[in-house]
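Notes follow the structure.
Side-chain atoms are counted along with the backbone in the values below, which use heavy atoms only and exclude waters and symmetry mates. In what follows, chains are A, B, ... by sequence order, proteins preceding strands, each numbered from 1.
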Number of protein chains: 2
Amino acid sequence: MATIYEVSKLAGVSLATVSRVMNNNANVSDRTRQKVTAAMQELGYRPNSIAQSLASNCSNSVGLLVSELQGPFYGPMMSGIENAFRSQGKHVIIAAGHSDAQREQQGIEFLISRNCDALILHVEAISDDYLITLSKDKIPFVLINRYIPELADRCITLNNQLGGYLASKHILEHGHKNIAYISGPLWKKDAQDRLAGHKQALTEYQLDFDEALFYQGNFMEDSGYQGFKQLYQSPKPFTALICANDEMATGAMAIARELAIQLPEQLSVIGFDNVFFTRHTYPKLSTINYPIHDMGRMAADWILANVYNKNTVPLQTLFEPTLVARQSVIAIK
Amino acid sequence: MATIYEVSKLAGVSLATVSRVMNNNANVSDRTRQKVTAAMQELGYRPNSIAQSLASNCSNSVGLLVSELQGPFYGPMMSGIENAFRSQGKHVIIAAGHSDAQREQQGIEFLISRNCDALILHVEAISDDYLITLSKDKIPFVLINRYIPELADRCITLNNQLGGYLASKHILEHGHKNIAYISGPLWKKDAQDRLAGHKQALTEYQLDFDEALFYQGNFMEDSGYQGFKQLYQSPKPFTALICANDEMATGAMAIARELAIQLPEQLSVIGFDNVFFTRHTYPKLSTINYPIHDMGRMAADWILANVYNKNTVPLQTLFEPTLVARQSVIAIK
DNA sequence: TTGAAAGCGTTACCAA
DNA sequence: TTGGTAACGCTTTCAA
């Protein structure tokens with residue numbers, strides 16, 4: 001591989017000059033620039049990005065930590081992020097944290113050891129304290145789907161409470177009064193907020209929240225399955241079910257069908273997230289849109305602006321969910 | 001950040017010695033090793049991986065090019081790969097090629113410019129010739145889901161023909177005789193092979209392949225939808241539908257339902273790939289399992305063995321599909 | 001506008 | 001078993 005040294009020799013200029021035309025930075029005369037460019041072409045020169053990183057103290061890489069590489073939620077987020085960075089010549093290094101505090105921490109350390117210029121973190125289990133401490137290090141990072149007051153400006157979040165409210169309101173508007181709710185694990189802030197939104201809507205409609213119609217799941221399909229089974233066995237009847245995410249809604253629909261419940265005639269169901277497979281369920285699942293792709297893009301923009309000093313779109317940290325009404329919610333008879 | 005130099009000073013040894021204990025390579029006396037380790041600890045020393053890369057001419061990074069970061073297929077593959085590498089201290093840089101020749105090529109060049117030690121490529125549009133030429137460069141790579149005779153030892157593939165055969169046989173065993181087929185784009189080898197397997201099964205059952213019951217889709221959901229619509233309008237009746245992947249099967253099921261066709265009573269459907277959402281369809285989709293996670297892992301193992309000289313599991317390049325019988329295929333009445 | 005030279009933080013070779 | 005020192009391929013002052 002040709003080096004900058006060979007280019008400079010062939011072009012009859014100094015290293016510094018070659019470096020300048022590469023970064024088309026300083027003032028280089030047209031004539032010189034041409035000579036250098038020609039030499040590069042002739043040698044098929046490609047700058048060594050590692051050497052550039054070492055000399056400039058900038059690796060042009062950003063670390064991305066997600067809970068899972070698979071599953072419907074993170075794909076669109078990664079996609080938005082990769083896109084934004086690649087067009088700017090930055091690359092993204094991925095790691096999975098598996099919603100486990102220790103593995104998340106290992107992931108972060110791994111990414112740091114890779115000399116990333118910045119981090120995008122979708123972490124769930126790691127403590128606020130750890131992140132606050134981390135923010136005192138020199139490595140910049142942005143948080144997706146997590147709000148820590150001390151780090152407010154780098155938290156890109158969804159208004160989960162509003163989402164929960166919209167879901168419940170949609171159900172309530174269809175005349176349902178006996179509504180079951182399967183939540184996410186309540187140690188997670190988003191699960192809490194979605195539930196809070198639900199309660200808010202209930203209050204608005206002068207309905208009481210009924211513990212007997214509540215089940216705490218873990219955001220995974222199977223807990224929707226188990227949750228529904230349990231709720232169904234309770235003496236309380238209900239005509240609608242709100243699930244705090246689409247995966248649990250899918251699990252619930254599966255068991256409902258096994259129990260020979262007609263959907264949506266006998267039971268209206270609504271999910272949350274609007275992952276792509278909600279289009280594949282039958283009936284098509286009504287849900288709340290989580291603009292995760294855009295939020296990923298925004299995280300990338302934040303870093304482009306704050307770390308790489310690029311001009312980007314105006315930064316935004318709070319995103320709004322919207323209702324996606326499909327066919328799984330119908331008016332009560 | 002502490003450097004190796006400060007460590008050497010604090011420990012009272014040379015740079016070389018510190019480097020040795022880091023790579024716990026050469027013969028270092030216990031006493032010296034201890035001193036150095038203590039010094040590292042005291043300074044909170046972390047090696048600079050960029051400098052290591054430059055000096056050792058090894059970036060410890062491998063590039064991963066997939067068609068899409070989102071969608072159900074690539075997640076499990078990326079997951080298998082990331083896992084295998086991280087446990088070995090390698091990191092993976094991702095890029096998307098979007099099934100477009102030019103973007104795939106740009107992706108490869110981008111990854112090369114990042115000084116990856118090796119590449120894992122899931123490319124569809126780029127030509128064999130390009131890849132053969134690339135193989136003459138010094139950068140090693142392995143191909144997933146693509147077979148090029150000249151590069152046979154680095155092609156990790158599925159026996160797609162067998163898969164197509166299994167799918168059709170499953171349908172045939174249930175007594176169906178009028179079978180429609182929605183294929184992938186036939187410029188893709190996997191689409192061809194799956195179709196060939198279908199024809200093979202047909203022959204075995206002494207049935208003719210009927211052009212009127214064939215539609216060429218593009219592996220995307222909507223082409224399943226459109227394909228079914230068209231097939232259904234043709235005068236030929238059919239009792240079973242084979243789709244060359246699960247996404248198209250989902251699209252087909254959606255329109256079938258719109259047309260008030262009872263599934264699976266009036267129409268049996270089988271897909272291909274066994275992506276996770278096949279569990280969410282109704283009826284649950286029978287399909288052919290594509291062990292993409294394992295194949296990703298194997299690609300990683302190949303690189304670990306051939307590029308990083310690690311001992312791994314025995315290498316395997318050809319994988320076998322298996323039938324996953326669920327509820328979308330029933331015997332003809 | 002250009003060049004010389006000192007880094008950047010390691011590894012790896014050659015001596016001792 | 002250790003140390004000295006030249007790479008690795010660039011960027012970035014500082015001078016000219």
Side-chain angles (χ1 to χ4, degrees), chain A residues 1-40 43-61 89 112-117 138-139 308-309, chain B residues 1-40 43-61 89 91 112-117 138 308-309:
Chain A
M1 211 43 186
T3 70
I4 195 177
Y5 180 75
E6 302 170 47
V7 174
S8 80
K9 211 154 111 184
L10 181 59
V13 298
S14 72
L15 292 189
T17 302
V18 178
S19 178
R20 285 189 192 102
V21 349
M22 280 179 47
N23 304 302
N24 45 271
N25 260 353
N27 329 4
V28 182
S29 74
D30 273 3
R31 168 134 184 65
T32 308
R33 185 180 301 276
Q34 248 164 31
K35 279 195 303 189
V36 173
T37 317
M40 286 178 168
L43 294 170
Y45 171 75
R46 306 248 154 246
N48 178 321
S49 64
I50 302 273
Q52 287 178 317
S53 296
L54 184 59
S56 65
N57 195 29
C58 166
S59 67
N60 286 310
S61 73
I112 292 177
S113 81
R114 263 31 225 186
N115 289 79
C116 294
D117 296 329
K138 85 162 201 288
I139 188 159
Y308 295 116
N309 303 311
Chain B
M1 211 45 187
T3 71
I4 196 176
Y5 180 75
E6 301 168 49
V7 174
S8 80
K9 210 153 114 184
L10 182 59
V13 299
S14 72
L15 291 189
T17 301
V18 178
S19 178
R20 284 187 193 103
V21 348
M22 279 179 48
N23 304 299
N24 46 270
N25 260 352
N27 329 3
V28 182
S29 73
D30 273 3
R31 169 132 183 64
T32 308
R33 184 179 303 276
Q34 248 165 32
K35 277 195 305 190
V36 173
T37 317
M40 286 178 169
L43 294 170
Y45 170 74
R46 305 250 157 243
N48 179 322
S49 64
I50 302 273
Q52 288 178 317
S53 296
L54 183 60
S56 65
N57 195 30
C58 165
S59 66
N60 286 310
S61 72
H91 65 263
I112 292 178
S113 81
R114 263 32 224 187
N115 290 78
C116 294
D117 296 329
K138 84 162 202 287
Y308 295 116
N309 303 311

Worksheet entry | Nearest-angstrom distance from the residue atom CG of A:Asn60 to P of D:dC10 | 14 Å
Worksheet item: Could you state the CD-C1' distance from A:Glu6 to D:dC8, rounded to the nearest angstrom?
Response: 13 Å
Worksheet item: For the pair made of NZ in A:Lys9 and P in C:dT2, what is the distance, rounded to whole Å?
Response: 21 Å
Item to complete: Any pair with a residue in residues 3-15 of chain B that passes side-chain hydrogen bond (donor to acceptor under 3.5 Å, both in side chains), sequence neighbours left out, goes on the list, sorted by first then second residue, please.
Response: B:Ser14-B:Thr17
Item to complete: Measure from CG on A:Asn24 to P on D:dT11 and round the result to the nearest Å.
Response: 12 Å
Practice prompt. Could you pull out all residues at least two apart from B:Ser61 that satisfy side chain to side chain contact (heavy atoms under 4.5 Å, CB included)?
Written response: B:Ser59, B:His91, B:Ile93, B:Cys116
Worksheet item: What is the minimum heavy-atom distance between B:Cys58 and B:Tyr308, and which atoms define it?
Response: SG-CE2, 4.1 Å
Considering only nitrogen or oxygen atoms on both sides, find all protein atoms under 3.5 Å from nucleotides 10-14 of chain C and state each distance.
| residue | atom | partner | partner atom | Å |
| --- | --- | --- | --- | --- |
| C:dT10 | OP1 | B:Tyr45 | OH | 2.9 |
| C:dT10 | OP1 | B:Asn48 | N | 3.1 |
| C:dT10 | OP2 | B:Ile4 | N | 2.7 |
| C:dT10 | O5' | B:Tyr45 | OH | 3.2 |
| C:dT11 | OP1 | B:Asn23 | OD1 | 3.4 |
| C:dT11 | OP1 | B:Asn23 | ND2 | 3.3 |
| C:dT11 | OP1 | B:Gln52 | NE2 | 3.2 |
| C:dT11 | OP2 | B:Ser19 | OG | 2.5 |

Response to the item:
side chain to side chain donor-acceptor pair (under 3.5 Å) filter on A:Ser113, not counting sequence neighbours, yields none
Fill in: Interatomic distance, B:Met40 CE vs C:dG9 P [rounded to whole Å]
15 Å
Worksheet item: Once you round it to whole Å, what is the distance between C1' of D:dT11 and CD1 of B:Ile50?
Response: 14 Å
Worksheet item: Mind checking what makes side chain to side chain contact (heavy atoms under 4.5 Å, CB included) contact with A:Leu10, not counting sequence neighbours?
Response: A:Ala39, A:Glu42, A:Leu43
Worksheet item: To the nearest 0.5 Å, how far apart are CD1 in A:Ile112 and OG in B:Ser49?
Response: 11.5 Å
Worksheet entry | Side-chain (B:Thr37) to main-chain (B:Arg33) donor-acceptor, under 3.5 angstrom | yes
Response to the item:
Note: B:Met1 and B:Gly44 closest approach over all heavy atoms is CE-O, 4.1 Å
Worksheet entry | Close side-chain approach of B:Ser19 and B:Asn23, heavy atoms under 4.5 Å | yes
Worksheet, complete the sentence: Angle separating the five-pair end axes of the helix from C:dT1-D:dA16 to C:dA16-D:dT1, nearest 10°, is 30°
Fill in: Whole angstrom value for the distance that separates C1' of C:dG9 from CG of A:Asn57
11 Å
Worksheet entry | C:dT1 OP1/OP2 closer than 4.0 Å to side-chain N/O of A:Ser29 | no
